[in-house]
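Reviewing the structure listed below.
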Amino acid sequence: MNYFQILDSHKVREFIVINEPFLKKLVKEETRENKRGRKRIAERWVILAIAIIARIEGIAWRRLEEKLSLCDFLIEEGWMKKIPSKSTFHAVWRATESKILKQWIIDLGGEIVRKKGLKAMAVDSSGFKIRQASVWRFLKWSRGALKKTSKLFWKIHLIVGLPSRAIVSLAHSASNTHDSKVFGLLWQKLPSALLRPFLRFYGDCAYWTENIVDLLSQHSFFPVIPPKSNARYPSPPPLGPIVQAHRLYPGLYRLS
């Protein structure tokens, strides 16, 4: 945490303006007034946008009000009537469902891909450690008594558009879940506008299964997925031609 960090008002304003159509569509605004009959300080999506900035920058809730005091445009341009308290930001953040944040990332990624073009797609996953945990668990992990299959770890799964690298599908699972098991969920969340034929689809050998390769082939994608080391040769379609190409021309997928 950087106590001397200053929020750039221009970047904050740009973030709010760019994400306004996405967050407005996803965040339901409560029309009722608060308990004292006063109008709300700001629309819910604006408070959520600022809360997202705080999470990205690693700013504690108790210091967020102080950091936002330098962003005069929030009040001058009518985004807020005044800077909300830390409890307001925290309450909105805690009440926001994770599926809203996921869909926001997917919608934003789809817009980036639409503007910058789509030449290929890639899928992969990455593990990350949950910050909230007991001291006992952290001590056990530091001494090697905990493995990555414990509840302390999760895995995030992504499909990105190339060359922009914008996220177009997103899911998460427990760290011991195999990558191929989540591919179906990622595919369901993929915007239909991106299912264009004759595009390359990159992935590592974890996605080398008959179901995944067959699904990509049915949608006229060109799967660039290296076979597993124990892949049968010769193999029946759709795996057969890919296994044959890799056996005859090792490393060809890296040049495709």
Side-chain angles (χ1 to χ4, degrees), residues 18-19 21-28 45 48-49 51-53 55-56 92-114 116 118-133 146-197 199-226 228 238:
I18 290 176
N19 290 286
F22 305 109
L23 292 177
K24 265 189 174 181
K25 182 178 66 174
L26 295 172
V27 179
K28 294 182 179 180
W45 73 266
L48 178 59
I52 293 172
I53 294 173
R55 296 297 87 193
I56 294 174
V92 171
W93 178 257
R94 291 292 300 271
T96 303
E97 299 180 5
S98 60
K99 64 180 181 180
I100 292 178
L101 299 177
K102 290 179 182 178
Q103 191 59 46
W104 163 65
I105 294 174
I106 294 173
D107 292 346
L108 182 60
E111 182 66 16
I112 294 173
V113 167
R114 187 184 68 81
K116 296 190 175 183
L118 180 66
K119 295 182 179 179
M121 284 192 282
V123 60
D124 205 355
S125 67
S126 177
F128 63 94
K129 184 166 62 175
I130 302 175
R131 290 183 180 179
Q132 290 82 7
L146 277 180
K147 299 180 180 179
K148 289 190 176 182
T149 54
S150 69
K151 294 182 179 179
L152 188 63
F153 291 88
W154 286 85
K155 187 186 292 184
I156 187 169
H157 305 262
L158 303 171
I159 295 181
V160 298
L162 302 174
S164 63
R165 299 182 181 180
I167 298 172
V168 293
S169 187
L170 171 67
H172 74 277
S173 68
S175 59
N176 57 352
T177 305
H178 197 276
D179 292 355
S180 61
K181 301 295 183 182
V182 190
F183 185 82
L185 181 59
L186 285 174
W187 187 266
Q188 292 176 4
K189 295 182 178 181
L190 198 63
S192 57
L194 302 182
L195 299 179
R196 305 171 189 172
L199 289 177
R200 288 185 174 89
F201 201 103
Y202 295 89
D204 57 29
C205 59
Y207 300 95
W208 176 256
T209 67
E210 185 176 354
N211 292 335
I212 293 177
V213 175
D214 187 47
L215 179 64
L216 295 174
S217 301
Q218 287 179 6
H219 288 81
S220 301
F221 281 94
F222 180 71
V224 186
I225 303 174
K228 294 181 179 179

Notebook entry, point to check: Considering residues at least two apart in sequence or located in another chain, which fulfil the salt bridge (Lys or Arg N to Asp or Glu O under 4.0 Å) criterion with K181?
Noted result: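 K181 satisfies salt bridge (Lys or Arg N to Asp or Glu O under 4.0 Å) with no other residue.
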Check: In chain order, what residues pass the salt bridge (Lys or Arg N to Asp or Glu O under 4.0 Å) check against K25, with sequence neighbours excluded?
Finding: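 Applying salt bridge (Lys or Arg N to Asp or Glu O under 4.0 Å) to K25 gives D107.
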Between [atom1] on residue [X] and [atom2] on residue [Y], distance to nearest 0.5 Å:
X: K189; Y: I167; atom1: NZ; atom2: CD1; result: 12.0 Å
X: T177; Y: W154; atom1: OG1; atom2: CH2; result: 8.0 Å
X: L195; Y: W187; atom1: CG; atom2: CH2; result: 5.0 Å
X: R55; Y: L101; atom1: CZ; atom2: CG; result: 12.0 Å
X: L26; Y: L48; atom1: CG; atom2: CG; result: 9.5 Å
X: N19; Y: E111; atom1: CG; atom2: CD; result: 11.0 Å

If you compare all heavy atoms of [X] against all heavy atoms of [Y], which two are closest, and at what distance to 0.1 Å?
X: P191; Y: I106; value: CG-CG2, 4.2 Å
X: L186; Y: A171; value: CD2-N, 3.7 Å
X: A49; Y: L23; value: CB-CD1, 3.8 Å
X: G203; Y: P226; value: O-CD, 3.1 Å

Test item: [X] and [Y] side chains (from C-beta on) under 4.5 Å apart, heavy atoms:
X: L199; Y: L194; answer: no
X: F221; Y: L215; answer: no
X: P163; Y: K116; answer: no
X: I212; Y: L216; answer: yes
X: W104; Y: L170; answer: no

Notebook entry, point to check: With no hydrogens and no angle check, is any side-chain donor or acceptor of S125 less than 3.5 Å from a backbone partner on K155?
Noted result: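 No, the answer is negative, given that no donor and acceptor are paired below the 3.5 Å cut-off.
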Item checked: With D204 via side chain to side chain contact (heavy atoms under 4.5 Å, CB included) - residues at least two apart ->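 Expected list: D124, A206, Y207.
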Notebook entry, point to check: Got a sec, which residues hit side chain to side chain donor-acceptor pair (under 3.5 Å) with W93, two or more places apart in sequence or on another chain?
Noted result: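 Counting only residues at least two positions away or on another chain, W93 forms no side chain to side chain donor-acceptor pair (under 3.5 Å).
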Next item on the list: Using the test side chain to side chain donor-acceptor pair (under 3.5 Å), find all partners of H219 that sit at least two apart in sequence or belong to another chain.
Entry: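 H219 satisfies side chain to side chain donor-acceptor pair (under 3.5 Å) with no other residue.
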Checklist line | Residue pairs passing the side chain to side chain donor-acceptor pair (under 3.5 Å) test where at least one lies in residues 156-168, sequence neighbours excluded | finding: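 Residue pairs with at least one partner in residues 156-168: H157-S173.
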